[in-house]
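As structure tokens, the structure follows; a few thoughts come after it.
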Amino acid sequence: MRLLIMGPPGAGKGTQATKIAEDFGIAHISTGDLFRANLSLGTPLGVEAKKYMDAGEYVPDSVTNDMVRDRLTHDDATDGFLLDGYPRTVAQVTELDEMLGSHKLDKVLVLTADTDEVVSRLLNRAQKQGRSDDTEDVVRRRLEVYQEQTAPLIDLYSSRGILVTVDGLGSIDEVAQRIHAVLNV
Ligand code: AMP
């Protein structure tokens with residue numbers, strides 16, 4: 001099964017993605033996690049990515065696409081994967097299409113959540129996890145960038161007939177149940 005999960009920052013994507021990948025026994029490929037792992041190791045890629053992440057902007061495609069292309073070649077991704085946070089732009093969709101060739105995505109899952117709710121979730125998470133991209137200004141910028149650059153992907157994948165939408169508000173288990181229901185398993 002080849003899946004993509006998308007939704008605004010703070011919609012609970014990461015938590016649900018971890019659960020789905022475990023439940024289906026597929027690789028969880030999160031570009032945000034890959035950037036953060038690089039950052040904690042102090043790699044040049046991590047140092048470069050941090051500049052953009054801290055401003056709430058997207059890391060340039062030249063960095064991001066190659067990182068995903070490489071990750072998809074790992075053995076654990078052969079039988080399926082859940083992409084989390086990639087693609088995030090129309091240009092990245094084109095790039096991913098080319099990487100996947102005939103092994104197209106089976107479903108694209110969109111988690112929805114209203115803006116006030118996601119802002120308060122993100123600020124709450126900032127206090128608990130101390131992520132440097134969770135301050136209020138950066139949170140608002142990340143939401144704007146999502147609306148401008150990532151929300152258009154919803155129509156794009158909808159026109160391909162593979163889009164499913166799930167309400168992201170509720171407990172972790174409630175949302176997980178809704179996801180299982182739309183994935184028909
Ligand atoms: P996330 O953990 O998915 O919220 O991602 C954290 C940050 O990593 C984002 O705000 C971006 O700065 C960067 N990032 C993650 N995925 C991508 C992507 N596909 N394209 C560009 N930047 C990304």
Side-chain angles (χ1 to χ4, degrees), residues 2-21 27-72 77 81-100 105 108-113 115 117-154 156-157 166 168 172 175 179:
R2 289 178 294 275
L3 302 172
L4 159 65
I5 185 166
M6 50 181 289
K13 241 175 345 110
T15 308
Q16 292 299 334
T18 304
K19 268 181 91 60
I20 300 165
H28 175 197
I29 302 181
S30 156
T31 39
D33 285 352
L34 289 171
F35 286 133
R36 283 183 287 275
N38 271 278
L39 186 57
S40 60
L41 291 171
T43 69
L45 187 149
V47 173
E48 174 71 7
K50 183 178 188 327
K51 294 190 273 188
Y52 299 92
M53 294 168 83
D54 282 355
E57 304 294 337
Y58 287 168
V59 178
D61 283 358
S62 52
V63 177
T64 310
N65 290 331
D66 285 349
M67 183 177 76
V68 174
R69 187 181 294 278
D70 173 72
R71 180 64 185 83
L72 284 171
F81 50 77
L82 171 63
L83 285 170
D84 166 7
Y86 181 94
R88 256 175 157 102
T89 64
V90 173
Q92 290 180 4
V93 172
T94 308
E95 197 76 19
L96 177 67
D97 286 345
E98 191 260 317
M99 289 178 215
L100 296 181
L105 291 175
V108 174
L109 178 73
V110 180
L111 273 190
T112 60
T115 307
E117 173 68 22
V118 295
V119 170
S120 83
R121 277 193 197 184
L122 287 168
L123 294 179
N124 193 16
R125 182 171 80 184
Q127 285 183 339
K128 291 197 185 125
Q129 297 181 1
R131 264 177 60 160
S132 54
D133 58 350
D134 276 347
T135 61
E136 183 152 8
D137 284 354
V138 176
V139 161
R140 296 214 179 267
R141 179 63 193 146
R142 287 167 65 207
L143 286 164
E144 265 173 29
V145 173
Y146 176 84
Q147 281 310 325
E148 284 165 17
Q149 301 204 44
T150 306
L153 272 54
I154 294 175
L156 191 157
Y157 282 120
V166 165
I172 291 175
V175 177
I179 292 175

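Numbering of ligands and ligand atoms starts at 1, following listing order.
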With heavy atoms only and a cut-off of under 4.0 Å, state how Thr64 meets ligand 1: side chain, backbone, both or neither. side chain
Give the contacting part of Phe35 toward ligand 1: side chain, backbone, both or neither, where contact means a heavy-atom distance below 4.0 Å. side chain
What are the two closest heavy atoms between Tyr157 and Pro87, and how far apart are they? OH-CG, 3.4 Å
So if I count the atoms of ligand 1 from 1 in the order they appear, which ones are less than 4.0 Å from some heavy atom of Lys13? 3 (O)
Taking all non-hydrogen atoms of both residues, which atom of Arg88 and which atom of Gly85 are closest, and how far apart? NH1-O, 2.9 Å
Which atoms of ligand 1 sit under 4.0 Å from any heavy atom of Arg36? 2 (O), 6 (C)
In this structure, which one of Lys19, Arg71, Lys13 forms a salt bridge (charged side-chain N to carboxylate O under 4.0 Å, His left out) with Asp84? Lys13
Do NZ/NE/NH1/NH2 and the carboxylate oxygens of Arg140 and Glu144 come within less than 4.0 Å? no
Ile20 and Leu109: side-chain contact (heavy atoms from CB on, under 4.5 Å), yes or no, with the steps? CA-CA 11 Å; Ile20 300 165; Leu109 178 73; 3.8 Å; yes
Can you name the nearest heavy-atom pair linking Arg141 to Gly56, along with the distance? CG-O, 4.1 Å
So if I count the atoms of ligand 1 from 1 in the order they appear, which ones are less than 4.0 Å from some heavy atom of Arg142? 4 (O), 10 (O)
Per-atom filter on ligand 1: closer than 4.0 angstrom to a heavy atom of Thr31 are 15 (C), 16 (N), 17 (C), 19 (N)
For Gly85, take its heavy atoms, then give the atoms of ligand 1 lying under 4.0 Å from any of them. 16 (N), 17 (C), 18 (C), 19 (N)
Distance filter under 4.0 Å to Gln92 heavy atoms, resulting ligand 1 atoms: 18 (C), 19 (N), 20 (N), 21 (C)
Mind listing the closest non-hydrogen atom pair of Val138 and Met53 along with its distance? CG1-O, 4.2 Å
Nearest candidate to atom 17 (C) of ligand 1, where distance is taken over non-hydrogen atoms, out of Arg88, Glu95, Arg141: Arg88
In ligand 1, which numbered atoms sit nearer than 4.0 Å to a non-hydrogen atom of Val59? 13 (C), 21 (C), 22 (N)
Nearest heavy-atom approach of Val118 to Pro9 is CB-O, 3.4 Å
Atoms in ligand 1 with a heavy atom of Tyr86 nearer than 4.0 Å: 19 (N)
